[in-house]
Undergrad: 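First the structure, then my questions, so here it is.
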Amino acid sequence: MSHELAPAHDLAEPPRRSFLVRASAALIGAIVGIAPLIPGIPFLLDPVLRKKKRPTEQPVRGKDGFLKVTTVDSLPADGSPQQFAVVDDLQDAWNFIPNQEIGTVWLRKVKDAEGKEAVQCLSTVCPHLGCSVDYKSADKQFFCPCHTSAFDLDGKKLNAIPPRGMDSLEVDTQNGEILVRFKKFRGGTPNKEQVG
Amino acid sequence: MNALIAWLDHRTGIKGLMHEALYERIPGGARWRYVWGSTLVFTFTVQMISGIFLWSAYSPNATGAWESVYYIQNQMTMGWMVRGIHHFAAQAMVVLMALHLMQVVIDGAYKAPREVNFWLGLVLMQIVLGFSLTGYLLPWDQKGYYATRVATEIAGATPVIGAEVQKLAVGGEQYGHHTLTRFFALHTGVLPAALVGFLALHIYVFRRHGITVPDPNRAPTTTFWPDQVLKDAVACLAVLVTVMVLAFQFGAELSAPANAAEAYSAARPEWYYLFLFRFLKFEAVEHFGLAFGAIYVPGLLMTILVLMPFIAKVKGGHKFNVAFLFLIAFGAIGLTVLAMNEDKHNPSHQAAVKEALADGERLVELADAYGIPEGGANVLARNDPKLQGPRIFAKTCAACHRYDGHDGRGSPILVKDSTGKESPADPTGTDLGKYGTREWSRAVITDYDTLFAPLRNAEWHKELVAKPDSDGLNLDKSEMADWVKENRETLLKPENAEDLNALVEFLTSQADRPGETYDAKLVERGAKIFEEGTLTSGSLSVSCTGCHASIPAPTPETKLFFDSKVEPNGYPTLAGYGSDAWLKHFIANPGHGLHYGAKNQMPAYGGQFSPHQFNMLVRWMVGDYYKPKKEHGE
C-alpha cells in the first residue's frame, strides 16, 4: 500500500490552494498554538500582578507595624550594638505561621541631637547584595563577610563596596520596651527603596 | 528574509524539513477522520505547557500539596484557569485517544506494514493512562487519595511481586510524602519523557508508511498543508473551546485535603475508569479475586488488542477486530452508565459527594480567612466546628435524633425490612436542625406534640404508655403538652401575635448565639409574659414561671444567663436555654435536677467525648464558627 504514497517532495509542485484556505489554516493554527499560553503567562507573573498583598483575613500584627523586639535595659550601656530577632506572623504563600523570627536587627543605645538617650536600629541586611552584616567589636565596625562592605557604628559606609549606608529602621520606645517597624529594602541601589 | 532563510537552510536543511512536514501527500483529499492524531498531539502540548506552569507553583509533600493546589486555584492570578485547562484537557486526551484507536482499527490502519506503529500507539495509550493515574493523586485531596489507595491496592494484587510493587508505588508502607514525590517524578519526569520519545517514534513510523486511505479515489490527491492543516486546526480549536468551556463552567474541583483518619464514602475513580470499577463490583468477578478482575481480564483484552494485526491476517479477522473493539466500547459505556446511574440513585453516595464538595469549599473558606498552619489544612479541618460537629452528631446523636431530617452530615438514616428493602428509620429523639432558633421556640410553646412526637417511637416510651401509672417522660401525661393544648388557641389569636413573638424572642434570646441579634424590646416584653402570663387578649392558664424557675436578668459578669444561679426545681431550667454553656451542661448530665431530673431518658455523654470533640459539637450546634463575610445576615 505504501508504494502509492511516494515521499512528499517527489511532487513536482504542491497543489495550489485558495488564499482563504491558507489564511484560515494559518490563523486557526496560530490561535490554537498560542491560546494555551495565554492564562499561563499571567499565572507566572503572579508575584508582580498580584493586587491582594495578604491572602488571608488575618490582622497585621503590631500597631502601625511596630513590633516589640526587646527592652531598653537589655542594651549595653556603652553603646555597642547587639543583634535581636524580630518576631512577626509569617505569611508564606498558603502558610500563615504566627510568632516566627522573620529577620534580625542591630540595636544600640545612642544620644540624639538634644543629647537624650535614644535607640538606633539598623537592618542586618547588607545594602550591597543582601548578605547578613556582622559586627567586629575589635574594630568597632559593621562588616559584611560576603563582599567586605564595612560601616561605622552609625551605619555609614566606610568603603566603596556598598552603594549606601546600612538601612536604618524606625524605632519607638514605650515603657522601656523597644518597638521596631521592620521593613525590607532593595539591595544594590544608592537610594533606600522599600520592598513590598 | 529570503536571504536569511537561504542562510539557515544551507546550514540546517530547514526548507527540506518544512517541505517534508507540510507537503505530505494525502490521496483522496483531506478528511475529518484524520484529525484525531493531531488533536492528541495538540492536547499533549497543552498539557506540557499548562503542566509546566502548574509545576512552578506546586509543592509535592503531604502537608503542602493540597495547600499549594488550593493556593493555585484560589489565590494565584488565573490559577483556576491554568488548573482547569490541565484538568479537563487530561480528560479530553483520554476521550480523543479512544476515538483515535477506534478510527485506526475501523480503517484497518493497524494492519501490515503498520503493526509496529499500532503497538507504539498502544504503548502511548498506557503512558497516557499512567499520566491520569499519577495526576489524580497530586492535589492530595480525599478524592485523589482514596482513588490512589485503591489503584495501589490493585497493583498489590499483582501475582508474586504484588507486595513489592505496591511498596514501590507508595514509597513505603504508608501513604505520604514519598507517595507524592514518587508520583510527581513519574508524572512530570518519567512519563513525559517516555511519551515524547514514543510519540516521536509513532510519528516517524506514521510518516514512513503514510496515511491509511480507505478510499484513494474519493477526491484529488492533496497535501497536508493547507487542506488537512485547516481541518486539524479546526478540530484542535473545538477541543480547546470544549476544555475552556468546562474550565469556566465547572472548574477543576478540589475536595477536602487527604486524611487517612477520615473515611471518604464518595470514593470513585476518575470517570473513565468507572467501567473497570463497576466491573470489579460484579459478584461473579469478585468471586475470582481481585487479580482476576483488575489484572487478568484487562490484561487479556489488551493482549487481544496487541494481537489485532495478526488476527487481521486470518479470514474475517479484521471484522472480528472491529466487532471486538465495538464490544469493548459498548461494554465500557454500558458499565459507565450503569455505575453512574447506580450512584445517582444511591442517596448515601449522593450525600457523601455533596459533603465532600462542601468540605472542600469550607476548607477554602477557612484557608482564605486564616491562612494554613504549618501542619497543613487538616489542622484547620480538625478545629472547625462546622466540619467536625456534624461528624460527631452523626456518630453519636443521630442514633436517636435527626438534624433537618438527616444524620447531621446529609445522609438519611435507613433501616432494612425483612425483604431487604431500605426505608427511613424512625427517629426516637427530636429533630435538632432548628434547635435554638425562633422556629424551635415557637414550636415548643405552640406545637409541642409534633416537635416531641419522635419520642413516641422509642421503646421506653411505648413501655410508659403501656403502663400509664409509672413515672417517666410520658408524652400522654406531659404537663407541658397539656399546657400547650390549653394555651395554644389563646397564643395563636391574631391579637396576641406580637405577644407570641415577644415570648419566642425572649426564649430564643436565652441562647445568645454568636452573630445573632435579639430585639431588646421584644425580649423585655417576652420576659414579662414569661413571669406573669398576661397577654393582650386573655392570659395563659399558668405562666411559664408557674413551673419553670424564674430567669434572673444577666449581670455584666455573667453574660450568659445560665451562669447566673438558678435553683433546680424539678422542671427544666430555661435560663440560658440553647446556649453553649447550657448545652454542654445538658449533654453531659441530662438527668441533672436543672434538666429532666428523674424523668430523663437521654444517656449522659459527659465521659464519651474528648473536651475537643465536645467543644466542636456544641459550637457547631450553636453556630459558633467562622462565617465568611458575604454570608453574614443570611
Undergrad: Would you call the rings of His128(A) and His147(A) parallel, tilted or perpendicular if under 30° counts as parallel and over 60° as perpendicular?
TA: perpendicular
Undergrad: Among Ile41(A), Leu37(A), Leu49(A), Ile31(A), which has the most heavy-atom pairs under 4.5 Å with chain B?
TA: Leu37(A)
Undergrad: If I take atom CH2 from residue Trp94(A) and atom CG from residue Asn74(B), how far apart are they, to the nearest 0.5 angstrom?
TA: 13.5 Å
Undergrad: Against chain A, label Ser50(B) side chain, backbone, both or neither, depending on which of its atoms sit under 4.5 Å from a heavy atom there.
TA: neither
Undergrad: Please state whether the side chain, the backbone, both or neither of Thr45(B) comes within less than 4.5 Å of a heavy atom of chain A.
TA: neither
Undergrad: Name the option with the most non-hydrogen atom pairs under 4.5 Å to chain A; the candidates are Ser59(B), Ser68(B), Gly64(B).
TA: Ser68(B)
Undergrad: Identify which of Arg207(B), Met244(B), Glu374(B), Lys231(B) forms the greatest number of heavy-atom pairs closer than 4.5 Å to chain A.
TA: Glu374(B)
Undergrad: For residues Glu170(A) and Phe66(A), report the shortest heavy-atom separation together with the two atoms involved.
TA: O-CE2, 3.7 Å
Undergrad: Counting distance only, does the side-chain N/O of Lys157(A) pair as donor-acceptor with the main-chain N or O of Pro162(A) below 3.5 Å?
TA: yes
Undergrad: Could you tell me the separation between the CG atom of Leu363(B) and the CG atom of Asn378(B), rounded to the nearest 0.5 Å?
TA: 7.0 Å
Undergrad: What part of Leu240(B) is in contact with chain A, defined as an atom under 4.5 angstrom from a non-hydrogen atom: side chain, backbone, both or neither?
TA: side chain
Undergrad: Indicate yes or no: does Arg61(A) engage Asp89(A) in a salt bridge with an N to O separation below 4.0 Å.
TA: yes
Undergrad: Looking only at heavy atoms and a cut-off of under 4.5 Å, which of Tyr626(B), Phe224(B), Tyr70(B) has the most pairs with chain A?
TA: Tyr626(B)
Undergrad: Taking every non-hydrogen pair under 4.5 Å, which of Asn95(A), Leu90(A), Ile97(A) racks up the most with chain B?
TA: Asn95(A)
Undergrad: Given heavy-atom pairs under 4.5 angstrom as the criterion, report whether the side chain, backbone, both or neither of Tyr370(B) touches chain A.
TA: both
Undergrad: Where on Leu44(A) is there a heavy atom nearer than 4.5 Å to chain B: the side chain, the backbone, both, or neither?
TA: side chain
Undergrad: Under 4.5 Å from any heavy atom of chain A, what part of Phe53(B) do you find: side chain, backbone, both or neither?
TA: both
Undergrad: Side chain, backbone, both or neither: which part of Ala30(A) has a non-hydrogen atom closer than 4.5 Å to chain B?
TA: neither
Undergrad: Please verify the inter-ring angle class for His19(B) with Tyr23(B); under 30° counts as parallel, over 60° as perpendicular, anything in between as tilted.
TA: tilted
Undergrad: Would you call the rings of Trp80(B) and Phe248(B) parallel, tilted or perpendicular if under 30° counts as parallel and over 60° as perpendicular?
TA: perpendicular
Undergrad: Show your working on side-chain hydrogen bond (donor to acceptor under 3.5 Å, both in side chains) between Gln75(B) and Asp46(A) and close with a plain yes or no.
TA: CA-CA 9 Å; Gln75(B) 297 273 355; Asp46(A) 177 72; over 6 Å; no
Undergrad: Counting only non-hydrogen atoms closer than 4.5 Å, does Ala367(B) touch chain A with its backbone (N, CA, C, O), its side chain (CB onward), both, or neither?
TA: backbone
Undergrad: May I ask you to name which of Gly33(A), Ser24(A), Gly29(A) has the most heavy-atom pairs under 4.5 Å with chain B?
TA: Ser24(A)
Undergrad: Heavy atoms only, distances under 4.5 angstrom: which of Gly40(A), Pro47(A), Pro42(A), Ala26(A) has the most pairs with chain B? Name it, please.
TA: Gly40(A)
Undergrad: Out of Leu179(A), Ile178(A), Val105(A), which residue meets the side chain to side chain contact (heavy atoms under 4.5 Å, CB included) rule with Val171(A)?
TA: Ile178(A)
